[in-house]
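When reading the values below, keep in mind they use all heavy atoms of this one structure, side chains included, and skip hydrogens, waters and symmetry mates.
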Amino acid sequence: MDSYKKFAVNLVKEAGELLKKYYSSGKFSIREKSHIDLATEADDVVDKFIKEKLEKEFPTHKVLTEETAPKDYSYFKDEKYLWVLDPIDGTVNFSRGNPFFAISLAFVKNNKVELGIIYSPILDKLYIGEIGKKPTENGKSMQASKVDSLQRSVLLCDWAWAPKDREEITKKLLKVCANVRGIRSTECFVLGVSELAKGEADLYMTIGQKPWDCAAVSIIIETAGGKITNLDGSKWDIFSHEFFASNTLLHD
């Protein structure tokens, strides 16, 4: 795993330099993926750059990326060795000059995440989670909060692209909004959940996430002492449609 980690860290940092150039220049094309979803030229360039490097270094491994995923990607769940990539999590932020975005890369073995790396090039933050070890932010250990009262908790959420998923998450928020101290939406899923892993927030709720959104950050929150399930409390994996994370103490 150390060799995988070293390669992956160097790779996301190289890709981060590409993103810095696009971000500082502000010169990139934008394409519409749905009626509200979008991708930029930088998404496509970084996606291609990382995918090709992974396939060259690990020719027997499969690579699932946001920008090249088929409509039905469920069969990737059966792969023994799988890399999962989101070239820019927080594309809307990136496209509007907001630095709160990151590259997300995970190594998955037999449908279990063993390594997760998140790199925010403008904020210069590198998060690493790996099985059996405490996660780190720029080398500093991370730990979920010890808040055990819903009334003292901070809840994070993000908005799915599908209208029906947005409606559903709004209904869920209405049920809890009067009973939590604060609610925030980061518009960058992986950096938001990393805040939970650092103890800066206590709960995270969303619907409509894909494997490339949640794979890397899932091992970061779990090894920080957090817990992830579906919204009804059932067993979660990176191919689940829902995502509910907590500091464990508040989960039930």
Side-chain angles (χ1 to χ4, degrees), residues 1-16 46-47 50-66 68-69 73-87 89 102-120 125-144 189-198 204 209-230 234-248:
M1 191 55 62
D2 284 344
S3 63
Y4 285 16
K5 179 171 66 174
K6 183 178 179 180
F7 179 84
V9 167
N10 289 335
L11 183 55
V12 298
K13 286 187 172 182
E14 283 185 68
V46 171
D47 193 282
I50 294 179
K51 186 174 186 288
E52 288 181 350
K53 293 275 189 176
L54 288 171
E55 289 174 338
K56 182 177 180 181
E57 182 72 14
F58 307 108
T60 63
H61 296 189
K62 298 297 183 181
V63 183
L64 174 62
T65 85
E66 178 174 12
T68 64
Y73 50 80
S74 59
Y75 60 90
F76 280 92
K77 193 171 185 176
D78 299 323
E79 295 295 339
K80 183 175 182 179
Y81 301 114
L82 177 67
W83 292 89
V84 184
L85 168 69
D86 190 342
D89 187 77
I103 301 167
S104 177
L105 179 63
F107 173 69
V108 184
K109 182 178 178 181
N110 295 322
N111 201 32
K112 184 175 179 60
V113 181
E114 296 198 349
L115 173 68
I117 296 169
I118 295 165
Y119 181 53
S120 176
K125 291 185 177 182
L126 176 69
Y127 300 94
I128 300 176
E130 56 185 308
I131 196 164
K133 296 183 180 181
K134 277 290 184 183
T136 59
E137 176 195 31
N138 291 350
K140 183 179 179 181
S141 182
M142 301 162 69
Q143 175 63 48
F189 179 78
V190 296
L191 292 183
V193 182
S194 295
E195 289 183 7
L196 197 158
K198 290 188 288 182
Y204 203 110
Q209 294 303 290
K210 304 294 194 301
W212 45 86
D213 298 309
C214 56
V217 80
S218 66
I219 193 169
I220 290 173
I221 182 58
E222 289 176 336
T223 53
K227 181 178 179 179
I228 305 171
T229 65
N230 294 312
S234 60
K235 186 177 180 181
W236 176 91
D237 67 35
I238 65 171
F239 290 85
S240 295
H241 184 66
E242 303 173 343
F243 183 96
F244 181 74
S246 77
N247 64 357
T248 300

note = Closest non-hydrogen contact found for Leu82 with Glu79 is CB-CB, 4.3 Å
key: Student check: side-chain heavy atoms of Tyr81 and Lys62 closer than 4.5 Å   = no
note = For Ser194 and Ile118 the tightest heavy-atom approach is OG-CD1, 3.9 Å
ask   = Between the side chain of Asp89 and the main-chain N/O of Phe189, is any donor-acceptor distance below 3.5 Å?
value = yes
query = Are any of the side-chain heavy atoms of Ser104 and Trp212 separated by less than 4.5 Å?
reply = no
request  = Grab the two heavy atoms, one from Trp236 and one from Ile228, that are nearest each other, plus how far apart they are.
outcome  = CD2-CG2, 3.5 Å
task = Start with the C-alpha gap between Thr229 and Ser234, add the side-chain angles, then the distance that decides, and say whether side chain to side chain contact (heavy atoms under 4.5 Å, CB included) holds.
result = CA-CA 6 Å; Thr229 65; Ser234 60; over 6 Å; no
message = If I compare all heavy atoms of Ala69 with all of Leu64, which pair ends up nearest, and what's the gap?
response = CB-CD1, 3.7 Å
inquiry  = Determine whether Val190 and Asp86 satisfy the following criterion, side chain to side chain contact (heavy atoms under 4.5 Å, CB included), listing intermediate values before the conclusion.
reply    = CA-CA 10 Å; Val190 296; Asp86 190 342; over 6 Å; no
key: Nearest-0.5 Å distance that lies between atom CD1 in Ile238 and atom CG in Asn111   = 5.5 Å
ask   = Are any side-chain N or O atoms of Ser240 and backbone N or O atoms of Glu242, one a donor and one an acceptor, separated by less than 3.5 Å?
value = no
query = Do side-chain atoms of Asp213 reach the backbone of Gln209 as a donor and acceptor pair under 3.5 angstrom?
reply = no
inquiry  = Holding to side-chain contact (heavy atoms from CB on, under 4.5 Å), I want the full list of residues that pass it with Phe58, two or more places apart in sequence or in another chain.
reply    = Tyr4, Phe7, Leu54, His61, Trp83
task = Grab the two heavy atoms, one from Lys13 and one from Tyr119, that are nearest each other, plus how far apart they are.
result = CA-CE2, 3.9 Å
inquiry  = Taking side-chain hydrogen bond (donor to acceptor under 3.5 Å, both in side chains) as the cut-off, I'd like each qualifying pair that reaches into residues 125-137, sequence neighbours left out, listed once.
reply    = Lys5-Glu130, Tyr127-Glu137, Tyr127-Lys198, Lys134-Gln143, Glu137-Lys198
Glu57 bridged to Lys53 by N-O distance under 4.0 Å = no
key: Check: Asn138 side chain, Leu126 main-chain N or O, donor-acceptor pair, under 3.5 Å   = yes
Only pairs under 3.5 Å count here: list side-chain donor-acceptor contacts from residues 215-225, not counting sequence neighbours, and write none if there are none.
residue: Ser218; atom: OG; partner: Cys214; partner atom: O; Å: 3.4
residue: Ser218; atom: OG; partner: Ala215; partner atom: O; Å: 2.7
residue: Thr223; atom: OG1; partner: Ile219; partner atom: O; Å: 2.5
residue: Thr223; atom: OG1; partner: Ile220; partner atom: O; Å: 3.4

query = Taking atom NZ of Lys227 and atom CG of Leu196, what is their separation to the nearest 0.5 Å?
reply = 13.5 Å
message = Do Asp47 and Thr65 pair up side chain to side chain, a donor and an acceptor below 3.5 Å, judged on atom types alone?
response = yes
query = Is there a side-chain contact between Phe244 and Asn230 (heavy atoms, below 4.5 Å)?
reply = no
key: Under-4.0 Å salt bridge between Lys77 and Asp237   = yes
message = With rounding to the nearest 0.5 angstrom, report the CD1 to NZ distance, Ile131 to Lys109.
response = 9.5 Å
inquiry  = Can you tell me how far apart NZ (Lys6) and CG (Asp2) are? Round to the nearest 0.5 Å.
reply    = 10.0 Å
message = Just verifying a value: how many Å separate Ser74 OG and Phe239 CZ, rounded to the nearest 0.5 Å?
response = 8.0 Å
